[in-house]
Amino acid sequence: MATALNLGFPRIGANRELKRQLEAYWRGGASGEALLATGRDLRLRHWQAQVRAGIASVPVGDFSLYDHVLDTAAMFGAVPERYHRYGGPGDLPAYFAMARGVGGASGIAPLEMTKWFDTNYHYIVPEIPQDTVFSLASPRLLEEYREARAEGIPARPVLLGPLSLLHLSRTPSGGPAPLSLLRRLLPAYQQLLAALAKEGADLVQLDEPILSGDLPPEVAGEFPPAYAALAEAAGGAGILLASYFESLGEQLALIPKLPIKALHLDLVRAPQDLGDLLRLGVPESLRLSLGVVDGRNVWRTDLRKAFDTVASAVQAIGDERVYVAPSCSLLHVPISLAGERDLDPELRSWLAFAEEKLAEVHELCLAVGDPDRAQALRRGSDDLRQARASSPRRARPEVQARLQALTAADARRESPYPKRQVRQAERLGLPLLPTTTIGSFPQTDELRRLRAEHRRGALSPEAYEEGVRAEIAKVVRLQEEIGLDVLVHGEAERNDMVEYFGEQLDGFAVTHQGWVQSYGSRCVKPPIIYGDVARPQAMTVGWLSYAQSLTDRPVKGMLTGPVTILQWSFARDDQPRRETCRQIALALRDEVQDLEAAGLKAIQIDEPAFREGLPLRQSEREDYLLWAVECFRLATSGVGDATQIHSHMCYSEFNDIIEAIAQLDADVISIEASRSGMALLQAFQAFSYPNEIGPGVYDIHSPRVPNAPEMEAQLREALRSIPAAQLWVNPDCGLKTRRFEEVEPSLRHMVEAARRLRAEIA
Ligand code: GLN
Ligand code: ZN
């Protein structure tokens with residue numbers, strides 16, 4: 001038998017217990033002790049669930065109150081000086097000050113936040129000055145390990161490895177953290193590993209996901225000496241080096257040089273890595289953790305294929321050296337199908353969430369060395385796959401026919417931007433430096449209650465419509481009064497920017513409890529795309545034309561783009577992602593045209609996940625960008641020149657894809673920029689963006705209310721690389737996570753900043 005291993009478990013709780021308790025704590029409605037106790041309860045419950053599923057090596061240290069990258073930095077004392085006034089590295093106030101900032105006049109901005117590789121999880125970017133003195137500043141991991149052992153859990157400590165930690169961090173001036181810090185960081189890791197060994201740990205997982213990408217040779221070259229030092233300090237506690245999300249590629253050659261006890265491979269994303277590694281020759285004692293169960297999607301595993309992979313490894317190195325595991329941490333999938341009462345039974349039989357995935361891992365282990373079991377497992381899996389392949393609910397011939405008939409002209413606007421710009425300027429009559437917002441307004445408790453009652457059927461459709469309309473009217477009035485130039489309807493009807501469309505499109509299913517953490521307490525419920533996509537009827541036209549009827553100012557129609565809908569859903573695994581994306585694009589194209597026909601003069605198609613979908617390997621990027629751009633253009637090119645197409649992107653590095661962003665040919669794009677100190681603007685020094693653009697002037701992920709001079713300074717910074725005629729003024733992102741008390745003054749200050757500059761330029 002092989003050994004069942006898990007790399008990481010979702011943290012938020014099946015009922016989002018962590019979210020609730022965090023938010024209560026932030027509001028002052030729960031104590032720090034209560035929050036920590038919730039953390040302890042969740043950890044214990046999740047460890048037990050993993051043991052129940054048959055996992056023999058359970059991760060400990062994967063839990064986090066906010067983010068594991070921040071935890072690791074804080075654990076080693078990398079807390080920027082300015083946060084020290086909120087407490088030590090292990091104190092909650094200092095921790096949350098770094099994660100979220102602190103509001104009020106004497107407040108503080110949070111650390112930067114960005115996407116975790118190609119996922120929709122966001123991590124806090126540690127800030128590490130050159131002179132940082134690292135230490136084992138917090139005993140958290142040791143304590144959690146003891147906690148697990150005391151409960152009889154077959155625990156294995158987990159933490160982010162030192163090279164990935166440094167590589168993902170920044171210096172205070174925003175540059176990459178220098179590799180020279182490694183020498184100072186390693187002793188702190190060594191101290192921790194030695195302490196864990198002393199506690200009895202015999203395997204410690206160090207995550208080095210940077211190994212699965214294009215790694216500069218000087219970084220790769222640091223692995224052998226660093227891991228030699230770590231292994232020596234770890235003594236009896238061997239190292240499980242884990243990488244995931246891509247092929248190790250040329251970094252495979254490093255493996256034989258590392259004195260590690262075990263290596264984890266993501267064989268879902270990179271099935272070839274196993275054969276390549278075995279051909280290279282693995283050291284006699286190296287164990288392999290085979291990530292054969294997809295940790296990034298919700299489909300049941302093709303157990304025949306997975307078992308063949310496991311069997312080939314067993315044959316090569318023997319079952320006592322083989323672990324079977326999910327491909328990566330299960331952070332990226334919902335906890336359990338148990339909470340899904342309303343899912344169609346057929347669809348449900350195709351799915352596996354975290355707990356069911358662990359059961360698959362266990363089944364695979366049991367089948368090793370048990371031919372009858374292996375045979376039954378293969379047969380069961382084949383039956384299931386056949387049933388899915390022949391299910392009529394997957395195919396819509398009319399959608400496929402429409403895709404076939406597309407021509408290049410369908411992905412092109414009528415005229416090039418300069419011509420459109422003239423038409424739009426005439427029609428919209430906007431001032432210089434026009435102000436707008438990104439779409440959503442605060443989601444009040446009242447609004448959430450309204451939607452929840454509507455969903456439960458406890459409210460008549462008329463009462464619901466009236467409630468949402470009242471909210472739309474309220475935000476339209478507010479925006480007029482604040483003096484914004486292009487208004488939004490506020491998205492009161494949307495629980496989530498992807499789920500809302502997933503609920504209305506054919507080929508999509510939504511879950512009841514399928515929550516996945518996006519950042520901090522924020523969770524999303526990605527829809528599941530199981531079949532061809534079609535739009536049975538208009539999805540947003542009613543709300544938006546109502547909003548436009550209330551005001552003379554232009555209201556921006558608001559849709560989520562095809563790439564983002566794809567990226568933030570669990571996509572089908574039986575056709576290429578690009579095909580699914582094109583289907584979504586066609587459905588959106590119809591919606592865009594309906595909005596135009598309803599009188600909306602501006603329509604925004606959000607693509608916050610456009611960058612996230614970019615492959616980790618350079619060699620695959622061009623292909624992705626081609627089809628992603630094409631899908632956006634398919635969705636947006638069906639309108640006339642006078643209709644202004646906006647788009648929005650956030651929370652990523654955009655500098656390396658700025659040319660693809662220009663190819664989207666949106667008339668206006670708003671991009672997150674403030675939290676990274678307008679670093680985005682560097683891109684415009686080399687590349688002059690052809691259309692209009694609004695780099696966000698304030699961070700909406702923080703409760704802090706920025707003042708007008710601050711935003712004016714941001715705009716001046718922007719004006720150094722973007723001509724005034726092309727510059728828009730807007731926040732970084734939608735306002736739904738904020739409260740009206742924060743949003744109102746912030747927007748007033750923003751409008752004031754724009755007016756002052758406008759006057760000056762005029
Ligand atoms: N229009 C969306 C909103 O305002 C955009 C959200 C996003 O970019 N994540 O909420
Ligand atoms: Zn955004």
Side-chain angles (χ1 to χ4, degrees), residues 112-115 119-122 436-444 447-448 451 471-472 475 479 484 486-501 516-520 522-526 539-540 543-544 547 555-569 588 591-592 595 600 602-613 632 635 645-654 661 664 666 668-676 680 693-702 728 730-740 742-743 746-747 750:
E112 193 183 327
M113 175 163 84
T114 196
K115 291 199 191 240
T119 77
N120 184 26
Y121 177 77
H122 301 67
T436 191
T437 62
I438 308 304
S440 58
F441 265 72
Q443 300 269 315
T444 58
L447 207 51
R448 271 188 271 266
R451 278 200 310 260
E471 192 65 27
I472 291 175
V475 302
Q479 294 171 86
L484 287 151
V486 174
L487 312 192
V488 296
H489 79 299
E491 303 182 23
E493 78 285 10
R494 301 186 194 173
N495 40 359
D496 174 271
M497 63 185 293
V498 170
E499 197 183 10
Y500 178 77
F501 294 96
V516 177
Q517 190 175 18
S518 172
Y519 66 89
R522 196 154 158 71
C523 302
V524 292
K525 210 148 46 81
M539 305 181 281
T540 63
W543 304 122
L544 282 159
V555 170
K556 256 194 302 193
M558 198 55 63
L559 301 173
T560 305
V563 181
T564 297
I565 292 184
L566 174 78
Q567 196 65 25
W568 289 353
S569 300
L588 290 169
E591 186 76 11
V592 170
L595 284 171
L600 279 294
I603 302 168
Q604 178 172 313
I605 294 91
D606 291 323
E607 285 289 21
F610 188 83
R611 172 65 172 75
E612 176 191 309
F632 180 89
I645 294 289
H646 289 236
S647 188
H648 164 74
M649 293 185 185
C650 51
Y651 283 95
S652 291
E653 276 286 326
F654 293 109
I661 294 177
L664 297 177
V668 185
I669 183 158
S670 58
I671 298 197
E672 176 273 332
S674 79
R675 202 163 170 177
S676 51
L680 162 80
I693 184 158
V697 294
Y698 88 85
D699 175 20
I700 58 85
H701 290 84
S702 165
W728 282 65
N730 46 260
D732 262 352
C733 193
L735 305 167
K736 64 173 163 246
T737 56
R738 298 268 62 86
R739 299 180 311 146
F740 272 104
E742 295 153 357
V743 161
S746 300
L747 291 180
M750 187 184 87

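Order of listing sets the numbers, starting from 1, for every ligand and every atom in it. Start at 1 with the first residue, then count along the sequence.
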Q: Look at the side chain of N730 and the backbone N and O of T436, then say whether any donor-acceptor pair between them is shorter than 3.5 Å.
A: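 No; judged by distance alone, with no hydrogens or angles, the pair does not exist.
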Q: In Å and rounded to the nearest 0.5 Å, what is the CE to CG distance from M649 to D606?
A: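 Going from CE on M649 over to CG on D606, the span is 10.0 Å.
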Q: Is a donor from one side chain sitting under 3.5 angstrom from an acceptor on the other, for R451 and Q443?
A: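 Note: R451 and Q443 side chains meet the donor-acceptor criterion.
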Q: Pairing donors with acceptors under 3.5 angstrom, does anything connect the side chains of E612 and W568?
A: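 Yes, W568 and E612 have a side-chain donor paired with an acceptor closer than 3.5 Å.
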Q: Have a look at the Zn ion (ligand 2) and estimate, to 10 degrees, the angle subtended by SG (C733) and NE2 (H648).
A: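 SG of C733, the Zn ion (ligand 2) and NE2 of H648 span an angle of about 120°.
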Q: Do S647 and E607 get their side chains close enough for a donor-acceptor pair, meaning under 3.5 Å?
A: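 Their side chains do not contain a donor-acceptor pair, so the 3.5 Å distance test is not met.
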Q: One pair per line, please: each N/O atom of ligand 1 matched with every protein N/O atom under 3.5 Å away, atom names first, then the distance to 0.1 Å.
A:
| from | atom 1 | to | atom 2 | distance (Å) |
| --- | --- | --- | --- | --- |
| ligand 1 | 1 (N) | I438 | O | 3.1 |
| ligand 1 | 1 (N) | E491 | OE2 | 2.7 |
| ligand 1 | 1 (N) | D606 | OD2 | 2.6 |
| ligand 1 | 4 (O) | I438 | O | 3.3 |
| ligand 1 | 4 (O) | S440 | N | 2.8 |
| ligand 1 | 4 (O) | S440 | OG | 3.1 |
| ligand 1 | 8 (O) | H648 | NE2 | 3.1 |
| ligand 1 | 10 (O) | S440 | OG | 2.7 |
| ligand 1 | 10 (O) | K736 | NZ | 3.2 |

Q: Are F441 and H489 close enough that their ring centers fall under 6.0 Å?
A: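 Not close enough - the centres of the two rings lie 6.0 Å or further apart.
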